[in-house]
Amino acid sequence: GVQQFKILVSALRVAWCAALLTSLLCLTNALAAPQDRPSIAGDVKNSGKKPKADATNGGKRAASTRPTPRRNPSPAVPRPSALLDVTFWTGVAESDIFVHAPGGKLQSLGKTGADGKLRTRMPRGVYNVTASRAGYNAQRQQISVQPGSANFILNLSGQPLPGTLPTAAEVLKRFSDPKQTDRVTVAEWEAAQQQTALAFAANPGDAQVRAQSLFAQGQLAYLRRDYAGALVAFNNSALALPTSALAYYGLGNAYFATNQLPEALRAYQRAIELDGQLAMAHRGVGDVLTRQGKSKDALTYYERAKTLGYFSASASLSTGRNLMRRGRWAEAIRELSDLSKVQPSAEVFIALGDCYMQLKQPLSAAPAYRRAIELDSGSAQAHARYGEMMYGSREYAGAAEALERALALDQAGTTINRARTRKMADDAASKARRVN
């Protein structure tokens, strides 16, 4: 019986060990089996596959209680929505647009179409770009791509693009051209100021860009008759770039507009020292000397400006008047006659009439004065001059009428000598009655 009990215990011990070993093997296999993790939207979208339904749970996947392992974030890639629509205008078809990549390499953005435009998409930022085509001078520009500022001009044609404003570089180039100085518009200066301000913000260490931005700011203030603001901006432009003749020229204009003649003269002369070919600075000196009554010296500077290609109606009229002060009547008539063909005005024809009267040629003076009245019927000076000419020609009735009109138009005596005109009008009327 004892022996049978021992055999039974041994059998039970073997069975227990076998059961324990089986349990351990099952647990090991369970841990080693791959675990399903819950699917996320990105996995489905990226894989292009739909999750399979779990048939054992009514077509639904059982929620796992295991936490989803953290993954390292992928490198940032610009989203399509971060790209902005950009347009480059060159004015020339089939021209290449390049962006300067790090290391100095050029990366092509494409070619312009038949309309001279390239439309593309770029991330927001600051870039150096170049436009080129065989037979044209390449144009390079720093641009700042941002919302509201994504249209850029790199003009290869040399002509203003239809329906567009020129670049800041083109505005400054035209302004420096004596034949175009006075043709640059306020809108063009506004565009230049905006462009240079953006360029300076992108590269604050560039003294030339800072000077250009301040000059454009000063020019806008000057054209808007904010002379105090113009003085500050032009002065800061000169401080930023002391070799800028344009900055000193602008400073001279602002001083002249505020009747600070010595300061204006020094600024204009400094501009000429820096750039002797800056025609409008010579004209500026001529304007100062004219206002100071130095007609002989003024004529020298006006002639120099004219030789360099500068022309303006005001400068030509000043030249004519200075010639008159010097008694050079025939030269004054030539100057004023040329001006009358280009830009006729009452002032020009009054001056012409005065020249003819000094040469004792009333028959030539009469049509000049009448033309002045046609151009400006409200000019008291034109009526007075015509009345005086008629009085000298003994046309008393016509003289009295013209002189009375002059007195009615200028009751304050701003442009005419009222006492002299009144006396002549009364005398002409008296003589006209006697004749009749």
Side-chain angles (χ1 to χ4, degrees), residues 257 259 286-287 289-296 298-299 302 312-436:
N259 205 35
D287 288 344
L289 295 174
T290 295
R291 191 172 288 185
Q292 291 177 334
K294 301 175 181 178
S295 59
K296 182 179 179 180
L299 285 170
Y302 283 137
S312 75
S314 61
S316 183
L317 181 58
S318 292
T319 298
R321 286 173 171 170
N322 279 315
L323 288 168
M324 292 168 66
R325 294 187 186 102
R326 305 297 298 172
R328 295 159 62 176
W329 307 111
E331 294 175 68
I333 288 173
R334 284 196 295 270
E335 181 74 28
L336 295 168
S337 294
D338 290 342
L339 177 58
S340 70
K341 297 171 186 175
V342 177
Q343 194 165 338
S345 69
E347 290 181 309
V348 172
F349 281 98
I350 289 172
L352 267 173
D354 291 347
C355 288
Y356 286 122
M357 288 300 292
Q358 290 295 327
L359 293 174
K360 310 298 182 184
Q361 299 177 20
L363 294 179
S364 296
Y369 290 137
R370 284 197 296 268
R371 180 62 175 142
I373 293 172
E374 290 175 5
L375 290 168
D376 184 4
S377 61
S379 171
Q381 193 176 40
H383 287 284
R385 290 287 206 278
Y386 184 63
E388 291 173 8
M389 186 276 304
M390 294 287 283
Y391 184 90
S393 300
R394 299 184 180 183
E395 298 286 342
Y396 299 120
E401 180 183 348
L403 293 168
E404 288 293 349
R405 191 176 294 275
L407 288 165
L409 288 170
D410 187 3
Q411 299 180 26
T414 304
T415 60
I416 64 173
N417 184 329
R418 282 189 61 85
R420 180 175 181 274
T421 304
R422 178 75 270 165
K423 182 178 183 302
M424 187 177 292
D426 291 342
D427 192 37
S430 176
K431 289 180 178 180
R433 285 192 295 271
R434 286 200 300 270
V435 170
N436 295 331

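The first residue in the sequence is number 1, and the count goes up from there. Only this structure's heavy atoms are used, side chains among them; waters, hydrogens and symmetry mates stay out.
- For the side chain to side chain donor-acceptor pair (under 3.5 Å) test, no residue two or more places apart in sequence or in another chain qualifies with S393.
- The side chain to side chain donor-acceptor pair (under 3.5 Å) search around E331 returns R328, not counting sequence neighbours.
- Rounded to the nearest 0.5 angstrom, S312 OG and L317 CG are separated by 9.5 Å.
- The CG atom of N322 sits 4.0 Å away from atom OG1 of T290, with the distance rounded to the nearest 0.5 Å.
- Side-chain atoms of E388 and Y369, non-hydrogen and from C-beta on, never get closer than 4.5 Å to each other.
- Closest approach of A346 to L375, counting heavy atoms only: N-CD1, 3.9 Å.
- For the ring pair (Phe, Tyr, Trp, His ring centres under 6.0 Å) test, no residue two or more places apart in sequence or in another chain qualifies with Y356.
- The list of ring pair (Phe, Tyr, Trp, His ring centres under 6.0 Å) pairs with a residue in residues 389-415, not counting sequence neighbours, reads Y391-Y396.
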Decide side chain to side chain contact (heavy atoms under 4.5 Å, CB included) for I333 and L359; before the verdict, give the C-alpha distance in whole Å, the side-chain angles of both, and the deciding distance to 0.1 Å.
-> CA-CA 11 Å; I333 288 173; L359 293 174; 3.6 Å; yes

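- Minimum heavy-atom separation, S295 to R326: OG-CD, 3.1 Å.
- In terms of heavy atoms, G387 sits closest to A399 at O-CB, 3.4 Å.
- Between atom NZ of residue K296 and atom CG of residue L299 there is a gap of 10.0 Å, rounded to the nearest 0.5 Å.
- Other residues, nucleotides and ligands contribute only 12 or fewer heavy atoms inside 6.0 Å of the CZ atom of R420.
- Considering only heavy atoms from C-beta on, R370 comes within 4.5 Å of P367 through its side chain.
- With S318 contributing its side chain and S314 its backbone, the two residues share a donor-acceptor pair below 3.5 Å.
- Once rounded to the nearest 0.5 Å, the distance linking OG1 of T414 with CD of Q411 reads 10.5 Å.
- Judged by distance alone, the side chain of D410 and the main-chain N or O of A380 form no donor-acceptor pair under 3.5 Å.
- Listed by chain and residue number, M324, L336 satisfy the side-chain contact (heavy atoms from CB on, under 4.5 Å) test with A351 (two or more places apart in sequence, or in another chain).
- For R321, there are no side chain to side chain donor-acceptor pair (under 3.5 Å) partners at least two apart in sequence or on another chain.
- Salt-bridge formation is detected for the pair D354/R385: a Lys NZ or Arg NE/NH1/NH2 atom is positioned less than 4.0 Å from an Asp or Glu carboxylate oxygen.
- Minimum interatomic distance between A332 and G320 (heavy atoms only, all atoms of both residues): CB-O, 3.6 Å.
- Judged as a salt bridge (charged side-chain N to carboxylate O under 4.0 Å, His left out), and not counting sequence neighbours, R405 has no contacts.
- By the salt bridge (charged side-chain N to carboxylate O under 4.0 Å, His left out) test, D427 pairs with K431, sequence neighbours left out.
- With sequence neighbours excluded, the residues that form a side-chain contact (heavy atoms from CB on, under 4.5 Å) with S430 are R433, R434.
- Note that CH2 of W329 and NZ of K360 are 10.5 Å apart. Values are rounded to the nearest 0.5 Å.
- In this structure, E347 places its CD atom where only 12 or fewer heavy-atom neighbours from other residues, nucleotides or ligands lie under 6.0 Å away.
- Partners of I373 by side-chain contact (heavy atoms from CB on, under 4.5 Å), not counting sequence neighbours, listed by chain and number: A382, H383, Y386.
- For the pair M389 and A366, the tightest heavy-atom approach, listed with the atom from each and the gap, is CE-CB, 3.4 Å.
- When all heavy atoms of S337 and L352 are compared, the closest pair comes out as OG-CD2, 3.7 Å.
- Residues passing the side chain to side chain donor-acceptor pair (under 3.5 Å) test with S364: none are found, sequence neighbours excluded.
- For A425, the side-chain contact (heavy atoms from CB on, under 4.5 Å) criterion is met by L403, E404, L407, R422, not counting sequence neighbours.
- Atom CD of Q292 sits in a crowded spot, with more than 12 heavy atoms from other residues, nucleotides or ligands closer than 6.0 Å.
- Ion pair E374/R371 flagged as a salt bridge, since at least one NZ, NE, NH1 or NH2 atom sits closer than 4.0 Å to an Asp/Glu carboxylate oxygen.
- The side-chain heavy atoms of D287 and Y302, taken from C-beta on, include a pair separated by under 4.5 Å.
- Contact of the R418 side chain with the I416 side chain is registered, since non-hydrogen atoms from C-beta on lie closer than 4.5 Å.
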